[in-house]
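Working notes for the structure below.
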Amino acid sequence: MSTFLNQFGAAIENYWSESDEQQEIILNDILQYAGKNPEAFRSEMKRVIFDEDHSPLSVVFEALSKDTANWSEFFVETLDHLFIEAKKLEDPQFILYDLSAFTYLELDESSIQRMVDRLYKEINSDIFLIKIAALWTLPSFLTTHSIRNRQRITGSLREKLNDPDWRVRYVAYKSLGYEDLLPEGYKLSIGDRLRKMIYGAPPVY
């Protein structure tokens, strides 16, 4: 086990059941740990951040988001690392669930733009689970109107409403709908509603 998980593994596992005061202590301790040797911390995180037993990503992100001036680059690097690792696995779902941690970060415009560009690359991935994970996550970043290619990306996402695969159409409909980015008056087809009832909703993140 890594030094980080030796020190914080138990605290991370119990984090969400702790009081607000204790959570704050844990976050500050992690931030202090990271700040002592940032390069070593970055290297260590590549080995442990997707650990299935501890699932540390969301807590680590919450800690580092207290100092986005110094850690914005780490968030962008981790998004790239997530996709690289997901592509190595036969079933990448447990890694892709961590995409939700990125949507709660408050970052500078440059970092948000780089995340948007990285997610945009994956909406046409040959790996189905990666494609729909990116499709599900990307619209939440488009509420930032300063995104330079926002209109083009929104158009590409709307094209997925006509994808040959009903699962892609459904995820596009849901993700765009949550951010009020659907074409005006757009409704999910009766056929796709029936498919969702029969086969169940595709996995989303």
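- The ring pair (Phe, Tyr, Trp, His ring centres under 6.0 Å) search around Phe61 returns Phe75, Phe102, not counting sequence neighbours.
- Every residue two or more places apart in sequence or in another chain was checked for a side-chain hydrogen bond (donor to acceptor under 3.5 Å, both in side chains) with Arg150, and none qualifies.
- Looking at residues two or more places apart in sequence or on another chain, you find a side-chain hydrogen bond (donor to acceptor under 3.5 Å, both in side chains) between Asp51 and His54.
- Looking at heavy atoms from C-beta onward, Leu27 lies in side-chain contact with Lys66 at the 4.5 angstrom threshold.
- A search for ring pair (Phe, Tyr, Trp, His ring centres under 6.0 Å) contacts involving Tyr33 returns Phe4, Phe8, not counting sequence neighbours.
- Residues forming a side-chain contact (heavy atoms from CB on, under 4.5 Å) with Ala201 (at least two apart in sequence, or on another chain): Tyr170, Lys196.
- By the 4.0 Å N-to-carboxylate-O rule, Arg42 lies too far from Glu73 to be salt-bridged with it.
- In terms of heavy atoms, Thr3 sits closest to Glu44 at N-OE2, 3.2 Å.
- Note that CG of Leu138 and CD of Glu122 are 11.0 Å apart. Values are rounded to the nearest 0.5 Å.
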Table please: side-chain donor-acceptor pairs of residues 140-148 below 3.5 Å, with sequence neighbours left out.
from, atom 1, to, atom 2, distance (Å)
Ser140, OG, Thr137, O, 2.7
Thr143, OG1, Ser140, O, 3.4
Arg148, NH2, Asp117, OD2, 3.1

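- Note: the hydrophobic cluster containing Ile198 also contains Val168 (ILVMFWY, side chain heavy atoms under 4.5 Å, direct or indirect links).
- In this structure, Leu161 and Leu188 have side chains that are not in contact, with every pair of non-hydrogen atoms separated by 4.5 Å or more.
- The closest side-chain heavy-atom distance from Arg169 to Arg195 is below 4.5 Å.
- Ring geometry for Tyr199 versus Trp166: interplanar angle of 30 to 60°, hence tilted.
- In the hydrophobic clustering of this structure, Ile95 does not group with Ile84; members are Ile, Leu, Val, Met, Phe, Trp, Tyr whose side-chain heavy atoms approach within less than 4.5 Å, directly or through other members.
- The distance from atom CG of Leu135 to atom NZ of Lys174, rounded to the nearest 0.5 Å, is 13.0 Å.
- Side-chain atoms of Ser111 and Asp108 include a donor-acceptor pair closer than 3.5 Å.
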